[in-house]
Amino acid sequence: MDIDQLCINTIRFLAVDTVEKAKSGHPGAPMGIAPMAYVLWDRFLKHDPSDPNWQDRDRFVLSAGHASALLYSLLYLTGYELTLNDLKCFRQLGSITPGHPEYRRTPGVEVTTGPLGQGFANGVGMAIVENWMAQHYNRPGFDVINHYTYAIVSDGDLQEGISSEAASLAGTLQLGKIIYLYDDNGISIEGPTDLTFTENVAQRFEAYGWQVIGPIDGMNVSTLESALSAAQVERAKPSILICKTIIGYGSPNKQDTALAHGEPLGEEEVRLAKRNLGWPYKEPFIVPKDALNHLQKARVRGKHQNQEWQSKMESYRQAYPKEAIQMQEDLKRNQPKGWDKDLSGLIKAHVKSLSTRDVSGITLNATASNVHSLIGGSADLAPSTKTTLKRQSHPAFDKYVDHNIHFGVREHAMGAIANGMSLHGGAIPYTGTFLAFCDYMRPPIRLASMMEIQVIFIFTHDSIGLGEDGPTHQPIEQTMSLRLIHNLVTIRPADAGETIEAWKVAIERHDGPTALILSRQDLPVLERHRLAPASKLRQGAYVLWESRKSPEALLISTGSEVQITLEAGQILEEKGIGNRVISMPSWELFDAQSIQYRNSVLPPAIRARVSLEAGTTLGWERYVGLEGKAMGISRFGASAPYQSLYKEFGLTAQNMAHEARLLLEGRSRQT
């Protein structure tokens, strides 16, 4: 057996043994794609196992995340900080080899994958930032940013609509340093893919503007090597290699069937597969010395490539000190001292009302003047979401990507591409669309939260306040549904001051994504000389105003309803009822405060509480209690001017004050 075949079988059977030991997992894909993974990692992938975060490494995305046992085998064999014991702990509690690859958990894993199609789009985001950084920082003789984005994608990835969205944009932007290997094995969980998937993939990707190579024999080393070399030559188009493979290759009874996909082969079938492929070792987790020595040459190659790059960077720093410093600041997501100094005077005193989407756009542009790494755009809604960076250039399909990105009407891909941009490093990505359409991009929002990466999701048209566009565009349950996502900070500011503070939080928050929920309609700029300062937004909720130090009732609201709540407070005060108005722009920020602070805002002894938010009331009981009243909307909206809609749904100051009086009267009767 030659060294290539020995290494391929070593990768293949380490993955099989890993799944078998766990009694859980997906052995079929690793058995079929081991040759293409081996050729890529052995002949082409630029990486340094001793420095997994080396900036100019090639990115590798296993979009088919169910084949994680293959990736863990490669990481162990090429010298990353994984041990055989880690492979033996596959899918076990606390291990660094979970069932699907998880970013931050395993050295060398670039992105959390598993939900099919996400990795495909993440790779597009990585390539966008590689392109952006190369154009910004490379100089003649100093290609300090110069790497590829590779991915292994599956039939399932290509069936998901997100891959079509992302592939179309990648072709439009001519991202020539994307190289994807398509594992075309013809099998899905329910059986042959032709049950549901008979399209001509080659013609589809040619139509997107990709270079298509193949179909080729995805099991043949020399064929794969030639195809990857050809893909590297093409720089004007992304490339996809259609690799015909055999799922469960070598398994005499499960090869080329759905039986090989999502469950261990079983002891007897493993024994037969090893015999079938000439693997002489009966014991599991055997790694031949020759195979290990060959694969661990990656450490020597990677260290040498890394050192060459470090040397080039040292010369670059001397030749282009300003650019070198800025690049490092971008990579570290460091903001210059005083980056927010221009924000305090953004909204002039004479401005009495402004929509929070408009304030967001003004703040975004002011921030971008000082924070170079801000990059983003919208799903063809920039004029409405106010997400254009006016001082920055726009990309064209025949030029490079710049600060403004036109994602097109592709919300799902936009979210996942933004995740890839953040994962690459060097960019703080933001996206923009209407709040009702956050449902289209929920999977990438959830994954951004899981990976603890910085992405700013801008959602405008946040309620029935958008008016005449009607119920299809009027979000009811969306704000609350975003609050359900762990590690996502959702902020719905009440006015210009809170919007500016919300942007400060989003820029400074590096350990997770932030969702900004913004109004279409103008909102009063709150008179801060008589109210609490907007900077208190950082606490998530704060006492905006109170009529006396010992209030009888608490009035809580967010966003556009805060002004209504202030009016309700005045009504109660005129009737001799002391009350406190609380602005609660972010549940997550408030819940992160100390119990002492939370109790100071929401004193437990005050049980007459009313909340007001133009959306579903589900969940508000955590703050108003079972004895309180949550005011909101329990049905879909309607097409009408927003003033009429607020009256129709009872979201008025008079009704809020009335509900507070009812609560107080009820408590009085009980006592």
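A quick note: this is a predicted structure, and the numbers were derived from the prediction, not measured.
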Please check this pair: side chain of [X] against backbone of [Y], looking for a donor-acceptor N/O pair closer than 3.5 Å.
{"X": "N276", "Y": "A273", "result": "no"}
{"X": "R105", "Y": "S95", "result": "yes"}
{"X": "Y180", "Y": "F120", "result": "yes"}
{"X": "R299", "Y": "Q296", "result": "no"}
{"X": "T112", "Y": "Y103", "result": "yes"}
{"X": "K177", "Y": "N131", "result": "no"}
{"X": "Y76", "Y": "N85", "result": "no"}
{"X": "E165", "Y": "A413", "result": "yes"}
{"X": "S373", "Y": "A427", "result": "no"}
{"X": "D380", "Y": "G408", "result": "no"}

For [X], give me all partners under ring pair (Phe, Tyr, Trp, His ring centres under 6.0 Å), at least two apart in sequence or on another chain.
{"X": "F60", "value": "W41"}
{"X": "F13", "value": "W279"}
{"X": "H261", "value": "H26, H66"}

If you count heavy atoms of other groups shown closer than 6.0 angstrom to CZ of F434, is the number above 12? yes
Between [X] and [Y], do the side chains contain an N or O donor and an N or O acceptor separated by less than 3.5 Å?
{"X": "H147", "Y": "D56", "result": "yes"}
{"X": "E452", "Y": "N487", "result": "no"}
{"X": "R91", "Y": "T18", "result": "no"}
{"X": "D143", "Y": "N138", "result": "no"}
{"X": "S422", "Y": "N419", "result": "no"}
{"X": "E269", "Y": "S251", "result": "yes"}
{"X": "Y249", "Y": "D256", "result": "no"}

Heavy-atom side-chain contact between [X] and [Y] under 4.5 Å:
{"X": "Q118", "Y": "L447", "value": "yes"}
{"X": "S163", "Y": "V153", "value": "no"}
{"X": "S168", "Y": "R410", "value": "yes"}
{"X": "P30", "Y": "R12", "value": "no"}

Over all atoms of both residues, closest heavy-atom pair of K274 and K282: NZ-O, 4.2 Å
Taking every heavy atom of Y281 against every heavy atom of P288, the minimum-distance pair comes out as CE1-CG, 3.7 Å
Working to the nearest 0.5 angstrom, can you tell me the gap between [X] [atom1] and [Y] [atom2]?
{"X": "I458", "Y": "S378", "atom1": "CD1", "atom2": "OG", "result": "9.0 Å"}
{"X": "I213", "Y": "E234", "atom1": "CD1", "atom2": "CD", "result": "9.0 Å"}
{"X": "L75", "Y": "L87", "atom1": "CG", "atom2": "CG", "result": "9.0 Å"}

Side chain to side chain donor-acceptor pair (under 3.5 Å) evaluation trace for D4 with Y38: CA-CA 8 Å; D4 288 339; Y38 167 72; 2.6 Å; yes
Would you verify whether the NZ or CZ of K88 falls within 45 degrees of the ring axis of F285 while also being under 6.0 Å from that six-membered ring's centre? yes
With a 6.0 Å cut-off on ring centres, are Y80 and H47 close enough? yes
Tell me whether the rings of Y208 and F205 are parallel (<30°), tilted (30 to 60°) or perpendicular (>60°). perpendicular
Please walk me through it: do S188 and D155 pass side chain to side chain donor-acceptor pair (under 3.5 Å)? CA-CA 7 Å; S188 62; D155 292 303; over 6 Å; no
Can Y182 and D157 be said to form a side chain to side chain donor-acceptor pair (under 3.5 Å), step by step? CA-CA 9 Å; Y182 164 36; D157 285 301; over 6 Å; no
